[in-house]
Amino acid sequence: MLVSARSFAEYRAMFALTDRDLDPGRRILDCPAGAASFVAEAGRRGMDAVAVDREYAVHREELGLLVERETGFKRELLARETAGFTPSWYTDTDDLIRQWTANSRLFRADITARPERYVAGALPELPFPDASFDLVLSSHLVFSYGNRLGEEFHRAALLDLARVARREVRLFPLTVYDTGERYRGLERLREELAGAGIGSRVERVSYEFQPGDGEMLVLSCAGYRAPTGARPRAVADDPVRWRHREGARPQA
Ligand SMILES: C[S@@+](CC[C@H](N)C(=O)[O-])C[C@H]1O[C@@H](n2cnc3c(N)ncnc32)[C@H](O)[C@@H]1O
């Protein structure tokens, strides 16, 4: 799986984030963050954002370096895979590599300066108490790797993302990376989520990574309470102090 390094501006477009969404009083989770610079750039804007990724258990600062090496090394492969990309964000493969390299350098500087903002953890058992974040952003794992991660993983991952969100989870894209087609189990999963008290809607956004993938899924979590058995086995230390106590959700 490629570790990517998208920017704050890309997240803003991918998840249709408004100034209200980005209010410094709101706590945001980026899951999985990889070597993206969203949390680093959010920090510079005085925002309260946290990154979580499975890789942080193994690689931390060097993840940025790995992205630099990997994207350079895989240039030909990336060029083939991204041949149909919309030119609006990256003009060509070399531009993608340039942007990801710059973003991963911001990531590297921030994870060194503010290591407590980068938590090692994996879906579908995130190491956070229920309702820890106002907004949870999830890009390029769920649905994207739908050919490799089964529907059971998707169901459990969506429920765990909803568990840690007080208000909303936003996911992008809804398409499978290998095929460019919409994830087949999407409607079935949305019905199951609705049965658990999690509403959802699909919204168009002004960002495409692969042609035609400009849609995000929004989960409304304010009315959802995870069953006790779904709580994580281990909860991360809380060096940045969770402001939201378990179960302290706003009214739906
Ligand atoms: C393609 S990157 C996306 C990173 C970032 N959101 C972006 O758009 O630049 C996918 C990331 O998912 C992470 N990952 C894979 N499986 C995971 C899991 N079960 N839980 C958490 N992170 C996972 C990988 O380590 C990798 O960094």
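Remember, it's 1-based here, ligands and their atoms both numbered in the order they're listed.
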Cationic tip of R45 within the cone over F8's six-membered ring, i.e. under 6.0 Å and within 45° of the normal?
yes
A33 contact mode with ligand 1 (heavy-atom cut-off under 4.0 Å):
backbone
Looking at residues at least two apart in the chain, or sitting in another chain, which of them share a side chain to side chain contact (heavy atoms under 4.5 Å, CB included) with D53?
P32, E55, Y56
Counting only nitrogen or oxygen atoms and a 3.5 angstrom limit, does R6 reach ligand 1?
yes
Indicate, as side chain, backbone, both or neither, the part of C31 found under 4.0 angstrom from ligand 1 when only non-hydrogen atoms are considered.
neither
Within 4.0 Å of some non-hydrogen atom of D53, the atoms of ligand 1 are 11 (C), 12 (O), 13 (C), 24 (C), 25 (O), 26 (C), 27 (O)
Have a look at S104, P124, S4, G121 and point out the one with the heavy atom closest to atom 4 (C) of ligand 1.
S4
Which residues pass the salt bridge (Lys or Arg N to Asp or Glu O under 4.0 Å) test with D92, not counting sequence neighbours?
none
Can D178 and Y145 be counted as having a side-chain donor-acceptor contact under 3.5 angstrom?
no
Give yes or no for whether the N/O distance cutoff of 3.5 Å, strictly under, is met between A122 and ligand 1.
no
Close aromatic pair by centroid cut-off 6.0 Å: F172 and Y207:
yes
One finds that the ligand 1 atoms under 4.0 Å from a non-hydrogen atom of E55 are 25 (O)
Would you kindly say whether Y177 and Q210 are connected by a side-chain donor-acceptor distance under 3.5 Å?
no
Check the orientation of F38 and Y11. Use parallel for under 30°, tilted for 30 to 60°, and perpendicular for over 60°.
parallel
A5 neighbourhood, listing ligand 1 atoms whose heavy-atom distance to it stays under 4.0 Å:
9 (O)
Could you tell me whether ligand 1 has any atom less than 4.0 Å away from a heavy atom of Y11?
yes
